[in-house]
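A quick write-up on the structure given underneath.
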Amino acid sequence: MDLSAIVADIAAEMAEAPDRGTPADYIPALSDIDPQRFGIAIVEADGQCHLAGDAEESFSIQSISKVFALTLALGAVGDQLWRRVGREPSGTAFNSIVQLETEHGIPRNPFINAGAIVVADVILGNHEPREAIGELLRFVRALAGEDDIVIDAAVAQAEMETGHRNQALAHYMRAFGNLHHPVERVLGVYFHFCALAMSCRQLALAGRYLMARGVNPGAGRSVVSPQRARRINALMMSCGHYDGSGEFAFRVGLPGKSGVGGGILAIVPGRASIAVWSPGLNARGNSQLGTLALERLVQRTGWSVFDPQAG
């Protein structure tokens, strides 16, 4: 299987795709990005990289950062996290508030905004916000083996200025006692997490531990246990695309996490870590071309976890 040829063909097909979606318009720093952009990167288990399109261009990974934040939070408090955050699909939009009242301030899962805000509260711990932000940045740099990954300060500032719904979610959970720190401090951490900027290649490198049973192949060190890696992948499959998670599983069949910056991280257990990026979103806030590209990749490789030939 010639993966380099496959990704080149997919990038060429995406360049011609007529329906490219619409970039997120509620975060000014994201709304002006050219919807013609498309990148794809595959990192195999043996370290081989296959790149096409704008795979080296840095973009705001937004909610994909929730995967790395969840990993850190589980490392800090273990399964105690699940007392404060659920593990079920929400069936609602990523920034919905409707379930918090009936479920007493416990978010459905760590990948919706409310759940990720609780995760940020856990990581904040007894630290200053700057220390918590630095911890995630160092973690992601170590996973990717690259020191030039940064947090886009302009995106973080824009989110702080426009994130009124996230403020409402945080205040609501604080009222139920499910945030332990002041809302402003927690949201400062959360918004900076979402403002991580990476290329497709860097993102695929950072996701390798989820492909390799919890081990970072680049460093040869365990990041999480095999069981925890499997469970994070399970959450990505069931909750990683918000109320579009079922559709993504149906079309692609891989654990995946999307972000409103247009990126998607997808994992083929034992085989590959994949990142795609195109800023135009579909109606559910997931990358229009990114999803299509992954669907075509799985069709050509048989990499769906539901395919008996996968792995």
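For the numbers below, each heavy atom of this structure counts, side chains included, while hydrogens, waters and symmetry mates do not. Quick caveat, the model's predicted, so the values are computed rather than measured.
- The structure places CG of Leu3 at 5.0 Å from CD1 of Ile42, a figure rounded to the nearest 0.5 Å.
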**Message:** Does Val252 form a side chain to side chain contact (heavy atoms under 4.5 Å, CB included) with Leu297? I'd like the steps, not just the answer.
**Reply:** CA-CA 9 Å; Val252 177; Leu297 176 66; over 6 Å; no
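- Remark: Phe250 CZ is loosely packed, at most 12 non-hydrogen atoms of other residues, nucleotides or ligands lying under 6.0 Å away.
- For the pair Ala142 and Asn216, the tightest heavy-atom approach, listed with the atom from each and the gap, is O-ND2, 3.4 Å.
- In terms of modelled atom types and a separation under 3.5 Å, the side chain of Arg87 and the main chain of Pro110 share no donor-acceptor contact.
- Shortest non-hydrogen contact noted between Ala41 and Ala204 is O-CB, 4.0 Å.
- Asp54 contributes no side-chain N or O that, together with a main-chain N or O of Glu57, makes up a donor-acceptor pair within less than 3.5 Å.
- For Ser65 (side chain) and Phe193 (main-chain N/O), a donor-acceptor pair under 3.5 Å exists by modelled atom type.
- At least one donor-acceptor pair under 3.5 Å links the side chain of Lys257 to the backbone N or O of Gly240.
- Linking Ile, Leu, Val, Met, Phe, Trp and Tyr whenever their side-chain heavy atoms come within less than 4.5 Å leaves Leu205 and Leu254 in two separate clusters.
- Residue pairs satisfying the salt bridge (Lys or Arg N to Asp or Glu O under 4.0 Å) criterion with at least one member in residues 194-221, sequence neighbours excluded, are listed as follows: Glu56-Arg201, Glu146-Arg201.
- Asn282 places a side-chain N or O within 3.5 Å of a backbone atom of Asn286 that can act as its donor or acceptor partner.
- The ring pair (Phe, Tyr, Trp, His ring centres under 6.0 Å) search around His192 returns none, not counting sequence neighbours.
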**Pair His241-Arg284, side chain to side chain contact (heavy atoms under 4.5 Å, CB included): steps then yes or no** = CA-CA 8 Å; His241 282 69; Arg284 287 175 170 166; over 6 Å; no
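- Every residue two or more places apart in sequence or in another chain was checked for a side chain to side chain donor-acceptor pair (under 3.5 Å) with Glu88, and none qualifies.
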**Request:** Apply side chain to side chain contact (heavy atoms under 4.5 Å, CB included) to the pair Arg300 and Ile10, showing each step before the final yes or no.
**Result:** CA-CA 10 Å; Arg300 295 173 194 187; Ile10 289 173; 3.7 Å; yes
**Request:** Would you check, one step at a time, whether the test side chain to side chain contact (heavy atoms under 4.5 Å, CB included) holds for Leu210 with Met236?
**Result:** CA-CA 11 Å; Leu210 295 172; Met236 291 171 68; 3.8 Å; yes
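- Gly207 and Ile267 get closest at one heavy-atom pair: O-CD1, 3.5 Å.
- Counting heavy atoms from C-beta outward, Leu169 and Leu100 have side chains that approach closer than 4.5 Å.
- Residues Cys200 and Ala275 come closest through the heavy atom pair O-CB, 3.3 Å.
- A donor-acceptor distance shorter than 3.5 angstrom exists from the side chain of Gln99 to the backbone of Ser90, with no hydrogens or angles considered.
- We find the OG-CG distance between Ser273 and Leu203 to be 7.0 Å, quoted to the nearest 0.5 Å.
- No continuous path of hydrophobic side-chain contacts links Val43 to Ile232 [ILVMFWY only; heavy atoms under 4.5 Å].
- Counting heavy atoms from C-beta on, the side chains of Thr22 and Leu281 never come closer than 4.5 Å.
- Using a 4.5 Å heavy-atom cutoff, the side chains of Phe111 and Val67 are in contact.
- Applying the side chain to side chain contact (heavy atoms under 4.5 Å, CB included) test between Ile123 and each of Leu72, Ile133, Val118 identifies Leu72 as the sole match.
- No side-chain heavy atom of Ser238 sits under 4.5 Å from any side-chain heavy atom of Ser245.
- Linking ILVMFWY residues whenever their side-chain heavy atoms come closer than 4.5 Å, directly or via other members, leaves Leu51 and Ile64 in distinct clusters.
- For the residue pair Glu159/Asn166, the side-chain donor-acceptor check at 3.5 Å is not satisfied.
- The line from NZ of Lys66 to CD1 of Ile112 is 8.0 Å long, rounded to the nearest 0.5 Å.
- In terms of hydrophobic clustering, with Ile, Leu, Val, Met, Phe, Trp and Tyr side chains grouped at heavy-atom distances under 4.5 Å, Val150 and Tyr190 are assigned to different clusters.
- In this structure, Val224 and Thr71 have side chains that are in contact, with non-hydrogen atoms separated by less than 4.5 Å.
- Residues Phe59 and Tyr26 fall within the same hydrophobic cluster, defined by Ile, Leu, Val, Met, Phe, Trp and Tyr side chains chained together at heavy-atom separations under 4.5 Å.
- Remark: Arg271 does not engage Glu44 in a salt bridge, criterion side-chain N to carboxylate O under 4.0 Å.
- A donor-acceptor contact shorter than 3.5 Å links the side chain of Arg20 to the backbone of Met14.
- Considering OG of Ser31 and CG of Asp25, their distance stands at 7.0 Å, rounded to 0.5 Å.
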**Request:** Apply side-chain hydrogen bond (donor to acceptor under 3.5 Å, both in side chains) to the pair Gln36 and Asp34, showing each step before the final yes or no.
**Result:** CA-CA 5 Å; Gln36 293 298 317; Asp34 184 359; 5.1 Å; no
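- The number of heavy-atom neighbours closer than 6.0 Å to CG of Asn126, taken from other residues, nucleotides and ligands shown, is 12 or below.
- Arg138 places none of its side-chain heavy atoms less than 4.5 Å from the side chain of Arg141.
- Considering only heavy atoms from C-beta on, Leu294 stays 4.5 Å or farther from Arg251 through its side chain.
- Using cut-offs of 30° and 60° on the angle between ring planes, the pair Tyr209 and Phe68 is tilted.
- Once rounded to the nearest 0.5 Å, the distance linking CZ of Phe38 with CD of Gln288 reads 12.0 Å.
- In this structure the side chain of Pro23 never reaches within 4.5 angstrom of the side chain of Leu30, judged on heavy atoms.
- Counting all heavy atoms, side chain and backbone alike, Asn178 lies closest to Gly105 at ND2-O, 2.9 Å.
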**Request:** Verify side-chain hydrogen bond (donor to acceptor under 3.5 Å, both in side chains) between Gln227 and Ser225, making sure each step is shown before the conclusion.
**Result:** CA-CA 5 Å; Gln227 180 190 61; Ser225 68; 4.9 Å; no
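- Scored by the side chain to side chain donor-acceptor pair (under 3.5 Å) test, Glu161 finds Gln157 as partners (sequence neighbours excluded).
- Nearest heavy atoms, Leu179 versus Arg174: O-NH1, 3.3 Å.
- Taken to the nearest 0.5 Å, the CD atom of Glu13 stands 5.0 Å off from the CZ atom of Arg296.
- Sorted pairs that involve residues 67-81 and meet salt bridge (Lys or Arg N to Asp or Glu O under 4.0 Å), not counting sequence neighbours, are lacking altogether.
- With hydrogens and angles left out, the side-chain atoms of Ser63 and Tyr242 include a donor and acceptor closer than 3.5 Å.
- Relative to the six-membered ring of Trp277, Arg37 misses at least one condition, a distance below 6.0 Å or an angle of at most 45° to the axis.
- For residues 111-131, the salt bridge (Lys or Arg N to Asp or Glu O under 4.0 Å) pairs, not counting sequence neighbours, are Arg84-Asp121, Glu128-Arg185.
- A distance-only check finds no donor-acceptor pair linking the side chain of His180 to the backbone of Val122 [under 3.5 Å].
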